[in-house]
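Quick notes on the structure that follows.
The basis for the numbers below is simple: all heavy atoms, side chains too, and nothing from hydrogens, waters or symmetry mates. Proteins come first, then strands; the chains are lettered A, B, ... in the order of their sequence lines, and each starts at number 1.
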There are 2 protein chains.
Amino acid sequence: MNVEDVIKTDKEIPLKSRTIIHFMLVNNRINETIAQVLKPYDVSLQQFNVLRILRGQNGRPANLSTLNERMVTKMSNTTRLVDKLKSKAYVDRITCPSNRRKVEIRITPKGARALEKMDTALKTAENDILKDLSEKDLEQLNRLFDKF
Amino acid sequence: MNVEDVIKTDKEIPLKSRTIIHFMLVNNRINETIAQVLKPYDVSLQQFNVLRILRGQNGRPANLSTLNERMVTKMSNTTRLVDKLKSKAYVDRITCPSNRRKVEIRITPKGARALEKMDTALKTAENDILKDLSEKDLEQLNRLFDKF
DNA sequence: ATTTTACATTTGTCTATACAATTGTTGTAA
DNA sequence: TTACAACAATTGTATAGACAAATGTAAAAT
């Protein structure tokens, strides 16, 4: 992926700017690929993410603020995100008995089954996106990302 | 930025997955920072991007498909993006005389002046985002991004 | 006990984006 | 010349997300 080709410019881009633009181009590619593989399951990346967090709870319920805390991309509106999952019967939501301000959200068996398939799909996407990167490349990338 | 801390998990994440998640976390940080510095000018990153492309035209007009081609993030709706810029008087739009299917879009002097200030703001954002990365780091990153 | 403050979620509103269908224009082939 | 295909942009519709305000509940202060 050559930056200058993609954005069709012939002039030299300063290294810092080039890095940011390059980053965004890669981001587009990642998003497109992941959106594509999740499409058959009719969930967005964010929704998938919430399902994964709920599974990680091992039966324990999560409330909205916990979800928000753990999401890769903090959302301003987790309520409606959970709504979507509920409408697909992938999650349950009840108000917390001990503190009625909170809600208890749990993944349903149906959600868990769907999630397993999504996992496979995502693994495929990851492999595709990263197919030209060696283990060493990946470690280097993670090391560099730590500096952000 | 430690991935495990941010998404609050204690279990080990496979390297590939970790890389993608790490990438997304960095992406959030970049987007937030850039959105922040552009906010005073009331333009989105996409709108800023269009203004830059128009400036790169050096007076020559651009039509919608050209813009679309050169944008970092291809959008499904460039018409409405240009609408927003027009409503701020940052661009002009006329139908192309030689081919009335096309439109000619130009940056206005007002747009050019605003853009100069935005440039400075973006430079600040870039410096902030990349403050802990050396020149060598940046080159390494660009090299790795080429593998995507 | 009553008021105030803080907490947790929900709702409203506006903007952004994806995707499909439509409109208007030009070029081309019968 | 007329029909048809291709092109360029616009519009419609549905969903996602940012941000602020509102609601309902619990805890703390007086």
Side-chain angles (χ1 to χ4, degrees), chain A residues 24 27-51 61-88 91-106, chain B residues 24 27-50 61-88 90-106:
Chain A
M24 289 176 176
N27 184 58
N28 294 342
R29 162 141 167 62
I30 293 179
N31 280 340
E32 274 165 30
T33 309
I34 292 183
Q36 214 55 42
V37 303
L38 287 182
K39 196 163 209 176
Y41 306 98
D42 192 32
V43 292
S44 65
L45 177 56
Q46 296 284 13
Q47 289 175 29
F48 170 69
N49 205 228
V50 167
L51 289 177
N63 52 40
L64 282 180
S65 30
T66 309
L67 288 182
N68 231 324
E69 215 178 58
R70 303 205 181 160
M71 270 192 272
V72 176
T73 304
K74 298 336 182 206
M75 289 219 344
S76 48
N77 207 323
T78 315
T79 300
R80 282 187 275 236
L81 184 53
V82 171
D83 276 347
K84 296 283 162 60
L85 290 171
K86 193 168 146 58
S87 76
K88 297 180 187 103
V91 304
D92 272 340
R93 172 174 49 190
I94 60 166
T95 57
C96 178
S98 65
N99 183 343
R100 289 168 50 205
R101 281 176 298 185
K102 298 189 183 182
V103 291
E104 292 188 339
I105 302 157
R106 277 188 183 80
Chain B
M24 290 177 176
N27 185 56
N28 295 343
R29 160 138 167 66
I30 294 180
N31 280 341
E32 275 166 29
T33 309
I34 293 183
Q36 213 57 41
V37 304
L38 287 182
K39 196 163 210 179
Y41 307 98
D42 192 32
V43 293
S44 66
L45 178 56
Q46 296 285 13
Q47 290 176 27
F48 170 70
N49 206 229
V50 167
N63 52 41
L64 280 179
S65 30
T66 310
L67 288 183
N68 230 324
E69 216 177 58
R70 304 207 181 158
M71 269 190 274
V72 176
T73 303
K74 301 331 182 208
M75 288 221 343
S76 49
N77 206 323
T78 314
T79 300
R80 282 186 275 233
L81 184 52
V82 171
D83 276 348
K84 296 283 162 59
L85 289 171
K86 193 168 145 56
S87 76
K88 295 180 187 102
Y90 285 170
V91 304
D92 271 340
R93 170 172 52 190
I94 60 168
T95 58
C96 177
S98 65
N99 185 341
R100 289 170 47 205
R101 282 176 299 188
K102 297 188 183 183
V103 291
E104 294 189 337
I105 302 156
R106 277 188 184 79

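A side-chain donor-acceptor contact under 3.5 Å links A:Thr66 and A:Asn63.
The nucleotide whose nearest atom lies closest to any side-chain atom of B:Asn77 is, among D:dA9, D:dG12, D:dG17, D:dG12. Taking every side-chain heavy atom of A:Arg101 into account, D:dA26 is the closest of D:dT11, D:dG17, D:dA26. The side chain of B:Arg80 approaches C:dA18 more closely than any other nucleotide in the set C:dA18, D:dC19, C:dT26. The side chain of B:Arg93 lies closest to D:dT10 when the candidates are D:dT10, C:dC19, D:dA16. The side chain of B:Val103 lies closest to D:dT10 when the candidates are C:dT9, D:dT10, D:dC19. Looking at the side chain of A:Asn99, the nearest of the listed nucleotides C:dT9, D:dA9, D:dA26 is D:dA26. Listed nucleotides C:dT9, D:dT10, D:dA8 differ in distance to B:Leu64; the shortest reach to its side chain belongs to D:dT10. Among the nucleotides C:dG12, C:dA8, C:dA16, the one closest to the side chain of A:Ser65 is C:dA8.
Nucleotide C:dA18 holds its P atom 12 Å from the NZ atom of B:Lys74, rounded to whole Å. To the nearest angstrom, C1' of D:dT15 lies 16 Å from CG of A:Leu38. Computed from coordinates, the B:Leu45 CG to C:dT15 C1' distance equals 15 Å when rounded to whole Å. The separation between A:Asn31 atom CG and D:dT15 atom P is 20 Å, rounded to whole Å. Atom C1' of nucleotide D:dA26 and atom NZ of A:Lys102 are separated by 11 Å, given to the nearest angstrom. Regarding B:Asp42, its CG atom lies at a distance of 13 Å from the P atom of D:dC19, rounded to whole Å. Across the protein-nucleic acid pair, A:Glu69 atom CD and C:dA8 atom P stand 11 Å apart, rounded to whole Å.
The line from OG1 of A:Thr79 to CZ of A:Arg93 is 7.0 Å long, rounded to the nearest 0.5 Å. The CG atom of B:Leu38 lies 11.0 Å from the OG1 atom of B:Thr33; values are rounded to the nearest 0.5 Å.
Closest heavy-atom contact between A:Met71 and A:Lys74: O-NZ, 2.6 Å. The two residues B:Lys86 and B:Val91 come nearest to each other via the heavy atoms N-CG2, 3.6 Å.
Judged by closest nucleotide on DNA chain C, A:Thr66 is the one of A:Lys39 and A:Thr66 placed further toward the 5' end. Comparing A:Arg100 and A:Gln46 by the nucleotide of DNA chain D that holds the closest heavy atom to each, the one mapping nearer the 5' end is A:Gln46. Mapping B:Lys84 and A:Gln36 onto DNA chain C via the closest heavy atom, the residue that lands nearer the 5' end is B:Lys84. Heavy-atom nearest nucleotides on DNA chain D were determined for A:Pro97 and for A:Ser44, and the one closer to the 5' end corresponds to A:Ser44.
Backbone-only contact: B:Gln47 has heavy atoms under 4.0 Å from sugar-phosphate atoms and none from a base.
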